[in-house]
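Read the structure below first, then the notes.
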Amino acid sequence: AQTVTQSQPEMSVQEAETVTLSCTYDTSESDYYLFWYKQPPSRQMILVIRQEAYKQQNATENRFSVNFQKAAKSFSLKISDSQLGDAAMYFCAYRGGVQGAQKLVFGQGTRLTINP
Amino acid sequence: SQTIHQWPATLVQPVGSPLSLECTVEGTSNPNLYWYRQAAGRGLQLLFYSVGIGQISSEVPQNLSASRPQDRQFILSSKKLLLSDSGFYLCAWSPWTQYFGPGTRLLVL
């Protein structure tokens with residue numbers, strides 16, 4: 001079974017600085033998708049960024065980018081120019097590439113604090 | 001555009017009472033639908049998923065059940081709530097990426 005590990009329960013960063021959240025996963029599949037979700041205090045899960053495993057280019061969305069290392073099974077999230085609104089729980093998630101249920105496997109999350 | 005709704009937003013129920021949480025999706029057809037539960041400060045646990053009307057798969061044995069009476073409607077139910085059923089319940093839908101509803105906070109006393 002696939003597993004997702006986030007080894008940093010908590011992280012903090014100064015406003016306007018850059019922070020990187022770590023995620024590793026374990027799978028025997030070659031085709032899959034990886035996601036980062038943000039959960040602010042409202043607790044709604046918001047998609048931040050996604051990465052298809054077959055793509056070599058790292059995904060970017062404005063201030064958010066990933067470092068996808070397929071061989072190392074690593075998928076870190078970099079947040080540039082941190083803003084107070086970035087404070088939240090961040091969850092890394094894995095989804096197999098086979099059609100059907102398309103279930104997500106989540107990590108335990110990293111709580112990010114932004115210091116003004 | 002697609003939207004997903006959940007209600008109620010908050011619910012306080014006594015132990016042993018029944019439960020019905022509803023999730024509806026607009027703007028799409030034949031989505032995959034999912035129910036998750038999240039304990040405070042923890043990750044998400046997949047409870048049920050559905051790939052079509054009347055098709056329900058359970059991930060965790062418990063006193064909860066799910067139904068999908070219509071294409072875009074997903075219901076989470078219980079006949080008798082337990083204290084351990086307290087938590088935050090999230091519904092999600094997907095074409096390829098899962099998108100989540102606003103969630104329901106359930107407190108069982």
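Each chain gets a letter, A, B and so on, in the order the sequences are listed, and its residues count up from 1.
A:Ile49 and A:Ile79 fall within the same hydrophobic cluster, defined by Ile, Leu, Val, Met, Phe, Trp and Tyr side-chain heavy atoms under 4.5 Å apart, directly or through other members. No continuous path of ILVMFWY side-chain contacts below 4.5 Å connects A:Met89 to A:Ile114, so the two sit in separate hydrophobic clusters. A:Val19 and A:Phe91 fall into different hydrophobic clusters, where Ile, Leu, Val, Met, Phe, Trp and Tyr side chains are chained together by heavy-atom contacts under 4.5 Å. Taking hydrophobic clusters as Ile, Leu, Val, Met, Phe, Trp and Tyr residues chained together by side-chain heavy-atom distances below 4.5 Å, A:Tyr90 does not share a cluster with B:Phe88. When the side chains of ILVMFWY residues are joined at heavy-atom separations under 4.5 Å, either directly or via intervening members, B:Val12 and B:Leu82 end up in two distinct hydrophobic clusters.
Of the two parts of B:Gln45, neither the backbone nor the side chain holds a non-hydrogen atom closer than 4.5 Å to a non-hydrogen atom of chain A. When heavy atoms are compared at a cutoff of 4.5 Å, A:Leu104 approaches chain B by way of both its backbone and its side chain.
Across A:Lys103, A:Gln6, A:Arg111, A:Gln108, the residue that shares the most heavy-atom pairs under 4.5 angstrom with chain B is A:Lys103.
Contacts between residues 34-43 of chain A and chain B, counted as heavy-atom pairs separated by less than 4.5 Å, involve A:Phe35, A:Tyr37, A:Gln39, A:Pro41, A:Ser42, A:Arg43. Inspection of non-hydrogen atoms places A:Arg50 of residues 50-74 of chain A under 4.5 Å from chain B. Within residues 102-109 of chain B, the residues having any heavy atom under 4.5 Å from a heavy atom of chain A are, by residue number, B:Pro102, B:Arg105. Listed in order of number, the residues of residues 68-77 of chain B that approach chain A to under 4.5 Å between heavy atoms amount to none.
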Worked verdict on B:Tyr34 versus A:Gln102 for side-chain contact (heavy atoms from CB on, under 4.5 Å):
CA-CA 10 Å; B:Tyr34 309 84; A:Gln102 301 171 5; 3.7 Å; yes
Derivation and outcome, side-chain contact (heavy atoms from CB on, under 4.5 Å), residues B:Arg42 and A:Phe106
CA-CA 10 Å; B:Arg42 303 293 297 276; A:Phe106 284 90; over 6 Å; no
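Remark: B:Thr97 OG1 to A:Arg95 CZ distance equals 7.0 Å, nearest 0.5 Å.
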